[in-house]
Undergrad: 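The structure that follows is given in the form of structure tokens.
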Amino acid sequence: MKATVFLSLSLIVLSAKAWPMVKKSFDLYANDPFTNIHVISDCMHVASEPGEYVFKKVPHLLANTKETTLVEAAVEETTSEVCGLYIIGEPDTIVEITMKHYDVNCATGGLMAFVDGWELNGEYFPGIKDHHRQLDERVIEFCNSYKQWPRVANKKFFRSSQNAALLQYRIPFRGSFIAHVRFHKITQPCNVLAQDTAAIFNMANFGNQRNCTLSALFPAAVSVASLKIGGKNMRGEKVNYDCGMYEDRLEIGGSSGLDAYAMEKASDVCGYSDQQGPEQAIFCGVTTVRLISTGRYQNHAAVMLRKADETDLDIATLVCAL
Ligand SMILES: *[C@@H]1O[C@H](CO)[C@@H](O)[C@H](O)[C@H]1NC(C)=O
């Protein structure tokens, strides 16, 4: 209870300090009744709600006793750990981040980055080869250069291409930021990071030449609830689970890392079906379903996905190396 009070108190102090700088942008949201304030506490903080995300790091020297020397405090506090606010929305949304305030000093090794997607252990979702943007356009780094004069407006605005985005930060000594997160609906989602542990996902190419990836960060039982992929000649009006030789197909498989491009495949599905197909379990850190489309057909698949457990071992079609 005490901790909560202290936390909200320091939050108010922080917002008060940041106020003059961000007042203008704040006014934009002043009539938004859904503005929630979240304090970032974990190095890997997963967020699925809109609102304000606040981070603040102060050296112990200020927070604790005056006996600690500055050098000691600096040694204690200096870590070059990279942390992240991992944002995930509903499948048919994109993420918008407005940096309402940031105080991350470049000169002391501070750095922030917006990532169009998620990054874990050097691998990206959507995979580097699966995204229409080059990686250097997907990762935008920024920090405050206090040598610069006059100081430019301290505001930044980003939008992701899919329902997943990441705000990375490395703050070795001290710093703070306030990020405002919003979600926008889109009509033709392609790459989707699964948030729920049981759901049906609709995948479609809308007649385009494009590859769309649905990934879940857990082992999952996958089934195809309805399907229409490829032309009539290859479909024969029934479902086919061995479509590796066709260009238009639905790949089901998994990988140990985030990048689905090098995933191991369990099956290639194409054809036509309006009935629920059999379940197969993918025992990998990341379960992935990819819809590959040449643009010659209107492809659509409804994919059912649920978290797999040991009782699903008898329907396993793929077990990844650990
Ligand atoms: C889609 O994936 C296939 C197979 O992985 C690849 O050959 C093709 O170039 C990809 N198409 C696009 C538009 O990225």
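All residue numbers refer to positions in the sequence shown, counting from 1. Computed from a predicted model, the values in this text were never measured in an experiment. Whatever order the structure lists ligands and atoms in, that order sets their numbers, starting from 1.
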Undergrad: Flag Asn211 as yes when one of its N or O atoms lies below 3.5 Å from any N or O atom of ligand 1, and as no otherwise.
TA: yes

Undergrad: List ligand 1 atoms under 4.0 Å from Arg290, heavy atoms only on the residue side.
TA: 2 (O), 5 (O)

Undergrad: Can you find a protein heavy atom closer to atom 7 (O) of ligand 1 than 4.0 Å?
TA: no

Undergrad: Any side-chain heavy atom of Lys265 sitting closer than 4.5 Å to one from Leu318?
TA: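 Not in contact.
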
Undergrad: Ring centroid separation for Tyr169 and Tyr102, is it under 6.0 angstrom?
TA: no

Undergrad: Going by atom type alone, with no hydrogens or angles, which donor-acceptor pairs under 3.5 Å involve a side-chain atom of residues 212-227 and a protein atom two or more places apart or on another chain?
TA:
unit_1, atom_1, unit_2, atom_2, d
Thr213, OG1, Asp130, OD2, 3.3
Ser215, OG, Thr288, OG1, 2.8
Ser223, OG, Gln276, NE2, 2.7

Undergrad: Could you work out, with side-chain contact (heavy atoms from CB on, under 4.5 Å) as the rule, every residue matching Glu119, not counting sequence neighbours?
TA: Tyr124, Leu166, Gln168

Undergrad: Which protein non-hydrogen atom lies closest to atom 4 (C) of ligand 1, naming both residue and atom, and how far is it?
TA: Ile292 CD1, 4.0 Å

